[in-house]
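Heads up, the thing below is written out as structure tokens.
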Amino acid sequence: MSRLTAAAFAAAFVAAHSVAESGAPRVTDSLPAYTVADASAPVVTQANLVESERFWPYQVALTKPSPPTHSSATELPAGSLGVLIRVEVAHQARLDFGRDGLITVPVSATDLIARANAIRTGATVKTAANFAFAIGPRLVDADSEAPVRLEFAKSMDRAGFLCFFTDPTAPSFPKLAGALAPLAGRDGVLAVLFPQGEHVDSALHTQLRAAGWKGAFVVNHLSEAYTRTLIDSAIKAPTLALYSAEGRVLWTGVFDGTFEPEFERAWAEAFATRG
């Protein structure tokens, strides 16, 4: 299958609640039980939105027109619906509008707060944590003997994701994979490789097992589009990124096989108490 464009990926990303890739079951099938509604929790506001990430909606609509994007010469009108990639600390929402582009807008220019409170009160049912829900159906189990889809139960109930963006055919990969191996599965974190370059999934599966990669990898034809959506284009591979289950960036940087103190601190603060 040919590699998808970023726009095509975004369209599939938006439709993930009901449409799965060819050969994969619907996303709504076999999902672990998930309950996030908590009306006793503080009302979600812009001030506590990052801390209230469990209530982040999967989709968000603009309440004000957006500026033109790199892939659209016209502004996006109010009411345009996009996928929430994440909320930035500076009260910015990173949204994917498919063919209209990936944009970052002020949270105040969206209905994100209203949607989050609807999830908090139970008026809107949230299927799963956003990041887990988005990539779950697109993962291949690197620990299995054959290249099979990773079971939903193995990706949905995760504290977070350790994501590695690199070319697995690079000479440095075995060493880097070995350095990351002890972290795979620790504290409920799933290690996910986003392969850069062209690869055949079955051959990649064999290669990763030989290199000792633990966890999962994104199907090759979607990896490039995910990479463009998730990390800054200025960041060059090999890039390591630590995400919460909702997609909040906990740490990101170039990985050379050693772990910076900031990475260790971010991991401890986010996951070490989970057990």
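What's counted below: heavy atoms across the whole structure, side chains too, no hydrogens, waters or symmetry copies. Since the structure is predicted, the reported quantities are computational estimates derived from the model, not experimental observations.
Using bins of under 30°, 30° to 60° and over 60° for the plane-to-plane angle, the ring pair Phe194/Phe165 lands in the parallel bin. Relative orientation of the Phe255 and Phe164 rings is perpendicular, given thresholds of 30° and 60° on the angle between their planes.
Between Ala179 and Gly257, the shortest heavy-atom distance links the atoms CB-O, 3.7 Å. For Phe161 against Ser155, the heavy-atom pair with the smallest separation is CZ-O, 3.5 Å. Summarising the geometry of Pro57 relative to Leu84, their closest heavy-atom pair is O-CD2, 3.3 Å, with the distance given to 0.1 Å. Of all heavy-atom pairs between Arg54 and Asp38, the closest is NH2-OD2, 3.4 Å. Closest heavy-atom contact between Ala39 and Arg120: O-NH1, 3.1 Å. Across Ala270 and Leu250, no two heavy atoms sit closer than the pair CB-CD1, 3.7 Å.
Here the side chains of Val192 and Tyr243 are not in contact, with every heavy-atom distance at 4.5 Å or above. Using a 4.5 Å heavy-atom cutoff, the side chains of Leu208 and Pro168 are in contact. Trp56 has its side chain out of reach of Ile119: every pair of non-hydrogen atoms, C-beta onward, lies at least 4.5 Å apart. Contact annotation: the side chain of Asp167 approaches that of His199 to within less than 4.5 Å [non-hydrogen atoms, C-beta and beyond]. Taking 4.5 Å as the limit, some side-chain heavy atom of Thr110 sits within range of a side-chain heavy atom of Val105. Counting heavy atoms from C-beta on, the side chains of Leu139 and Lys154 never come closer than 4.5 Å. Within the 4.5 Å cutoff, the side chain of Arg86 has heavy atoms near those of the Glu88 side chain. You'll find the side chain of Leu62 stays beyond 4.5 Å of the side chain of Pro77, heavy atoms only.
By the 6.0 Å and 45° rule, Arg186 stacks over the aromatic ring of Trp267.
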Yes or no on side chain to side chain contact (heavy atoms under 4.5 Å, CB included) for Ser108 and His91, after CA distance, side-chain angles and deciding distance?
CA-CA 8 Å; Ser108 58; His91 303 133; over 6 Å; no

Starting from the C-alpha separation in whole Å, work towards a yes-or-no answer on side chain to side chain contact (heavy atoms under 4.5 Å, CB included) for Leu183 and Phe271.
CA-CA 11 Å; Leu183 297 180; Phe271 308 126; over 6 Å; no

Side chain to side chain donor-acceptor pair (under 3.5 Å), that's the test. Do Ser244 and Glu53 meet it? Break it down for me.
CA-CA 9 Å; Ser244 72; Glu53 62 180 302; 2.5 Å; yes

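Remark: Leu240 CG to Leu176 CG distance equals 9.5 Å, nearest 0.5 Å. To the nearest 0.5 Å, atom SG of residue Cys163 and atom CG of residue Leu190 are 8.0 Å apart. In this structure, CZ on Arg248 lies 13.0 Å from CG on Asn130, to the nearest 0.5 angstrom. Annotation: the span from Asp187 atom CG to Leu162 atom CG amounts to 11.5 Å, rounded to 0.5 Å. Between the CZ atom in Phe217 and the CG atom in Leu204 there is a gap of 4.5 Å [rounded to 0.5 Å]. Rounded to the nearest 0.5 Å, atoms CG (Leu180) and NZ (Lys175) are 12.0 Å apart.
Of the candidates Ile113, Leu95, Val107, Leu95 is the only one forming a side chain to side chain contact (heavy atoms under 4.5 Å, CB included) with Val60. The only option from Tyr58, Tyr34, Phe152 that meets the ring-ring contact (aromatic ring centres under 6.0 Å, His included) definition with Phe133 turns out to be Tyr58. Of the residues listed (Thr239, Asn220, Thr227), the one engaging Gln196 in a side-chain hydrogen bond (donor to acceptor under 3.5 Å, both in side chains) is Thr227, and it is the only one.
In this structure, His205 contributes its side chain and Asp141 its backbone to a donor-acceptor pair below 3.5 Å. Put simply, the side chain of Arg209 gets close to the backbone of Ser144: a donor and an acceptor are under 3.5 Å apart. Remark: side-chain polar atoms of Asn48 are paired, donor with acceptor, to backbone N or O of Thr45 under 3.5 angstrom.
Counting heavy-atom neighbours within 6.0 Å of Glu151 CD, excluding the residue itself, gives a total of 12 or less. When the shell of 6.0 Å around CD of Glu51 is examined, it contains more than 12 heavy atoms from other residues, nucleotides or ligands.
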